[in-house]
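Some notes on the structure that comes next.
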Amino acid sequence: MIKNEQDLLALAHQLCGLTIAQLAERLNEIVPDNSLHAKGFVGQLIERALGANSGNLPVADFPDLGVELKTIPINTKGKPRESTYICMVPLKAQYHIVFEQTVVYQKLQRILWIPIESEPHTQVSARRIGQPLLWSPNEIQFQQLRADWQELVDMIAMGELEMISAQIGEYLHIRPKAADARSLTKSINFLGETTQTLPRGFYLRSVLTEQIINRSQQKKN
DNA sequence: TACTGATCATTC
DNA sequence: GAATGATCAGTA
């Protein structure tokens, strides 16, 4: 059982350098051959290895520590290959929402990043676990994240959800998060009426996650 | 080739 | 359906 951040980070360090095949073998898991059908597999494997057990509840992976676990695919140059999903976007417009009381804020407070070294379409089993990194947003990052969040939430509150594209937001943006483009969830339209729309998620852009990952590399020198 | 919209697996 | 874990892949 993990008691504090130091224990968690130490455990994560023990995974560093392992391939997914090696970690899966330790945990008696079968690695999917096809990466198309393996989305989420690596993240769930790392969760098991580190003892995260908050399931699919909208809370941090380690509730007692307030730490969120994120694997992030990085290429050979150390650049993130994908954006990072954070949580669902509340689509029932509420006025006077406070950033500090939101799920997205809670998840962004403290993140244990586990880089996964891989190129597009490399065998899942061959992907390698990198140096873990505990991160909290610095002042500049925090202000920008809050500004992005405020802009997006304001649009939703104004009933402008359908005008939100993934291009809005410097660090944090909104994209579809669903089984497919036909998925529907309740939302509030511009007249304040309840309607149905595509579920959306908050994602971190790689321009931010690259900063985060590279800062840790600088510390090592 | 990076980005944005779409999609895949699993659990409850 | 709604949340988690994400990556895929067409196009700008």
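The sequence lines fix the lettering, A, B, ..., with proteins before strands; numbering per chain opens at 1. Side chains are part of it too, since the values below use all heavy atoms of this structure and drop only hydrogens, waters and symmetry mates.
Base engagement by A/Lys177 is indicated by at least one non-hydrogen atom pair under 4.0 Å involving a base atom. At a threshold of 4.0 angstrom between heavy atoms, the contacts of A/Gln196 with the nucleic acid are absent. Looking at heavy-atom distances under 4.0 Å, A/Pro73 makes contact with sugar-phosphate atoms alone, never a base. Residue A/Ser35 is classed as a sugar-phosphate contact, given heavy-atom separations below 4.0 Å to backbone atoms only. The residue A/Ala181 sits close only to the backbone: its heavy atoms come under 4.0 Å of sugar-phosphate atoms, none of a base. Using a 4.0 Å heavy-atom distance criterion, A/Ile46 is classed as making no nucleic acid contact. Heavy atoms of A/Gly40 sit under 4.0 angstrom from at least one base atom. Here A/Thr84 lies out of heavy-atom contact (under 4.0 Å) with every strand. Counting any heavy atom pair closer than 4.0 Å across all strands shown, A/Ala38 reaches no nucleic acid atom.
Judged by distance alone, with hydrogens and angles left aside, A/Gln167 brings no side-chain donor or acceptor close enough to the base of B/dC3 to form a pair under 3.5 Å.
Atom CD1 of A/Ile30 has 12 or fewer heavy atoms from other residues, nucleotides or ligands within 6.0 Å.
In terms of phosphate contacts, A/Thr185 brings a side-chain nitrogen or oxygen within less than 4.0 Å of OP1 or OP2 of C/dA2. Put simply, A/Arg81 has no side-chain N or O that comes within less than 4.0 Å of OP1 or OP2 on B/dA2. One finds a side-chain N or O of A/His37 lying less than 4.0 angstrom from the OP1 or OP2 phosphate oxygen of B/dA9. Side-chain nitrogen and oxygen atoms of A/Arg48 include none within less than 4.0 Å of the OP1 or OP2 phosphate oxygen of C/dG5.
Toward the 5' end of DNA chain B, the nearer of the two residues A/Arg175 and A/Lys79, judged by each one's closest nucleotide, is A/Lys79. Residue A/Val103 is the one, among A/Ile72 and A/Val103, whose nearest nucleotide of DNA chain C lies closer to the 5' end (criterion: closest heavy atom).
Ring geometry for A/Tyr105 versus A/Phe99: interplanar angle over 60°, hence perpendicular rather than tilted (30 to 60°).
Atom CG of A/Leu45 is separated from atom CZ of A/Arg26 by 11.0 Å, given to the nearest 0.5 angstrom.
Residues A/Ile46 and A/Leu9 share a hydrophobic cluster, clusters being chains of Ile/Leu/Val/Met/Phe/Trp/Tyr side chains in contact below 4.5 Å.
If you take CD1 of A/Ile86 and C1' of C/dA3, they are 14 Å apart, rounded to a whole angstrom. Regarding A/Gln44, its CD atom lies at a distance of 13 Å from the C1' atom of C/dT7, rounded to whole Å.
No donor-acceptor pair under 3.5 Å is formed between the side chain of A/Ser183 and the backbone N or O of A/Leu198.
Comparing C/dC8, C/dT4, B/dT7 by their closest approach to the side chain of A/Leu36 singles out C/dC8. Checking B/dC8, C/dT4, B/dA6 against the side-chain heavy atoms of A/Tyr85 singles out C/dT4 as nearest. Taking only side-chain atoms of A/Ala166, from C-beta outward, the nucleotide of C/dC8, C/dT4, B/dG5 with the closest atom is B/dG5.
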